[in-house]
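These notes concern the structure reproduced below.
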Amino acid sequence: MKSNYLKKYIISSYILVWALIIFVAGTASLVFHAPPVIMWIVRNLIAWSPTYLLLIGWKHFRPDETRMNFIKRCFSGKIKLFPLLCSFALTFGISVLALFLFSVIMGTPMLSYINFGITALPLSIFLSFTSGPTGEELGWRGFMREEFNKRYGFLKSSVCQGLVWCFWHTLLWAVDSEFTDWRAVPYVISNIVVITCMTVLMNIFLEWHNNLIYSVFLHFGFNIIYVFLEADIGFFIILIILYLLITPFAVLARNRLAGKHKKQKI
């Protein structure tokens with residue numbers, strides 16, 4: 001019977017991240033009362049767990065290929081500045097637009113929802129970039145994307161990837177969120193919708209430019225604003241609406257371009 005390497009990887013990644021959150025982050029916070037910057041570094045180390053798992057347990061997930069060949073393929077596409085900037089601007093712009101609309105509805109300035117905190121801005125940017133954006137992509141958009149693409153077409157594969165990635169964060173919704181009342185419901189829905197839609201958008205870029213740098217920058221464009229954001233649940237509801245409006249248009253554009261490309265080949 002052929003081994004299901006994808007299933008092994010998904011289950012292992014869930015077990016590993018939950019164990020690290022409970023035993024490493026939990027100990028650092030509850031026992032040692034680590035300051036915010038140290039906790040941020042701990043979270044970053046945990047965010048890299050999909051990559052640790054993949055590279056350390058490589059023979060269990062992709063025994064027919066070397067690590068180096070896989071990594072070279074994941075970064076084989078040519079990097080072009082304009083598409084790279086677009087990948088960042090897309091998710092960053094959606095978040096800024098959501099914040100703008102939320103501020104208009106609430107009748108307050110946008111900047112009133114931004115708090116630069118006590119951590120120096122360059123350090124905040126560096127820590128944000130070296131968390132999920134650089135730590136998760138080799139596992140999710142590298143290994144997992146390839147495995148799902150072997151089984152399904154573009155959209156179903158992207159949705160499956162998004163749901164796996166989304167529910168990987170489940171424990172964080174409980175321990176690292178300020179929304180513990182009724183707002184937890186729209187917050188969780190927002191995570192499911194937005195992360196799944198983001199995966200679709202990432203995979204469009206990766207189809208055009210086979211290089212994980214694009215998904216890293218798209219991921220970073222999404223993450224960076226949340227380092228400084230102090231907005232209520234209304235912001236996340238608006239975010240759901242925007243992603244549900246923008247993502248189908250992106251898929252339609254992708255399908256149209258793919259259709260034109262096929263006709264040109266014929």
Kindly indicate, with the supporting measurements, whether the criterion ring pair (Phe, Tyr, Trp, His ring centres under 6.0 Å) is fulfilled by F220 and F88. CA-CA 7 Å; F220 178 55; F88 173 85; 5.7 Å; yes

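- Heavy-atom minimum distance, P133 versus V216: O-CG2, 3.2 Å.
- One finds the OG1 atom of T196 at 9.0 Å from the CH2 atom of W165 (value rounded to the nearest 0.5 Å).
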Going through the checks in order, is the side chain to side chain contact (heavy atoms under 4.5 Å, CB included) test met by N223 and V227? CA-CA 7 Å; N223 275 20; V227 174; 5.9 Å; no

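- Looking at heavy atoms from C-beta onward, F235 lies in side-chain contact with L229 at the 4.5 angstrom threshold.
- Considering all non-hydrogen atoms of both residues, F179 and A231 come closest at CZ-O, 3.9 Å.
- I15 and F167 fall into different hydrophobic clusters, where Ile, Leu, Val, Met, Phe, Trp and Tyr residues are linked whenever their side-chain heavy atoms come under 4.5 Å apart, directly or through other members.
- In terms of modelled atom types and a separation under 3.5 Å, the side chain of Y52 and the main chain of I46 share no donor-acceptor contact.
- Checking T199 against Q161 by side-chain atom types alone, no donor-acceptor pair falls below 3.5 Å.
- Judged as a side chain to side chain donor-acceptor pair (under 3.5 Å), the pairs with a partner in residues 104-119 (not counting sequence neighbours) are, in order, T108-Y113, N115-E230.
- D232 is listed as a side-chain neighbour of R183, based on a closest heavy-atom distance under 4.5 Å.
- Between the side chain of S128 and the main chain of S124, no donor-acceptor pair closer than 3.5 Å is present.
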Applying side chain to side chain contact (heavy atoms under 4.5 Å, CB included) to K156 and R151, what does each step give before you reach the verdict? CA-CA 9 Å; K156 186 175 181 180; R151 293 162 170 77; over 6 Å; no

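- Here R254 contributes atom CZ and L155 contributes atom CG; the two are 8.5 Å apart, rounded to the nearest 0.5 Å.
- Pairing each heavy atom of F154 with each of V200, the nearest pair is CZ-O, 3.7 Å.
- Hydrophobic clustering places L163 together with V194 (ILVMFWY residues linked when any side-chain heavy atoms are closer than 4.5 Å, directly or through intermediates).
- In terms of modelled atom types and a separation under 3.5 Å, the side chain of R145 and the main chain of W140 share no donor-acceptor contact.
- In the hydrophobic clustering of ILVMFWY residues, with side-chain heavy atoms under 4.5 Å counting as a link, V37 and L30 come out apart.
- Using a distance-only test at 3.5 Å, with no hydrogens or angles considered, a donor-acceptor pair links the side chain of S103 to the main chain of F100.
- In this structure, F205 has no ring-ring contact (aromatic ring centres under 6.0 Å, His included) partners at least two apart in sequence or on a different chain.
- The environment of CZ in F126 is sparse: at most 12 heavy-atom neighbours from other residues, nucleotides or ligands sit within 6.0 Å.
- Under the side-chain hydrogen bond (donor to acceptor under 3.5 Å, both in side chains) criterion, Y152 pairs with no residue at all, not counting sequence neighbours.
- Minimum heavy-atom separation, A47 to G132: CB-N, 3.8 Å.
- Residues Y243 and S190 form no side-chain contact, since every pair of their non-hydrogen atoms from C-beta on lies 4.5 Å or further apart.
- Residue pairs meeting the salt bridge (Lys or Arg N to Asp or Glu O under 4.0 Å) criterion with at least one member in residues 28-41, sequence neighbours excluded, do not occur.
- Contact of the Y14 side chain with the V164 side chain is registered, since non-hydrogen atoms from C-beta on lie closer than 4.5 Å.
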Take L121 and F228 through the test side chain to side chain contact (heavy atoms under 4.5 Å, CB included) and record every step on the way to the result. CA-CA 10 Å; L121 183 59; F228 313 108; 3.5 Å; yes

For F236 and Y187, run ring pair (Phe, Tyr, Trp, His ring centres under 6.0 Å): C-alpha distance rounded to whole Å, both residues' side-chain angles, the deciding distance at 0.1 Å, then the answer. CA-CA 7 Å; F236 294 95; Y187 178 71; 5.3 Å; yes

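- Salt-bridge check for E146 with K150: failed, with every basic side-chain N at 4.0 Å or more from each acidic carboxylate O.
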Give the intermediate values and the outcome of ring pair (Phe, Tyr, Trp, His ring centres under 6.0 Å) for residues W58 and F70. CA-CA 10 Å; W58 181 255; F70 167 74; 5.0 Å; yes

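- Sequence neighbours left out, the pairs with a member in residues 26-51 that pass side chain to side chain donor-acceptor pair (under 3.5 Å) are N44-T130.
- Of all non-hydrogen atoms in H60 and Y5, the two that sit nearest each other are O-CD2, 3.1 Å.
- Evaluation of the side chain to side chain donor-acceptor pair (under 3.5 Å) test over residues 74-83, restricted to residues two or more places apart or in two chains, returns S76-N210.
- In the hydrophobic cluster analysis, where Ile, Leu, Val, Met, Phe, Trp and Tyr join through side-chain heavy atoms closer than 4.5 angstrom, I240 is grouped apart from M106.
- The pair E136-R141 does not meet the salt-bridge criterion, since no charged nitrogen lies less than 4.0 angstrom from a carboxylate oxygen.
- The two residues V42 and A25 make their nearest non-hydrogen contact at CG1-CA, 4.0 Å.
- If you take CZ on F217 and CG on L85, they are separated by 8.0 Å, rounding to the nearest 0.5 Å.
- Side-chain contact between I195 and H169: present, with at least one pair of heavy atoms (C-beta onward) separated by less than 4.5 Å.
- For the atom pair OG1 of T247 and CG of L252, the computed distance is 11.0 Å after rounding to the nearest 0.5 Å.
- A 4.5 Å side-chain heavy-atom check between L55 and L138 finds at least one atom pair inside the cut-off.
- Contact of the F61 side chain with the L53 side chain is registered, since non-hydrogen atoms from C-beta on lie closer than 4.5 Å.
- A 4.5 Å side-chain heavy-atom check between W208 and L257 finds at least one atom pair inside the cut-off.
- Follow the hydrophobic side-chain contacts under 4.5 Å out from L239 and you never reach I189; the two are in separate clusters.
- Here the straight-line distance linking atom CG of L201 with atom OG of S87 works out to 11.0 Å at 0.5 Å rounding.
- Electrostatic pairing of E147 and R62 counts as a salt bridge here, judged by a charged N lying under 4.0 Å from a carboxylate O.
- For the atom pair OG of S131 and CG of L45, the computed distance is 11.0 Å after rounding to the nearest 0.5 Å.
- Aromatic ring centres of Y9 and F143: separated by under 6.0 Å.
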Side chain to side chain contact (heavy atoms under 4.5 Å, CB included), that's the test. Do I241 and L101 meet it? Break it down for me. CA-CA 11 Å; I241 296 169; L101 294 173; over 6 Å; no

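- Using a distance-only test at 3.5 Å, with no hydrogens or angles considered, a donor-acceptor pair links the side chain of T91 to the main chain of L218.
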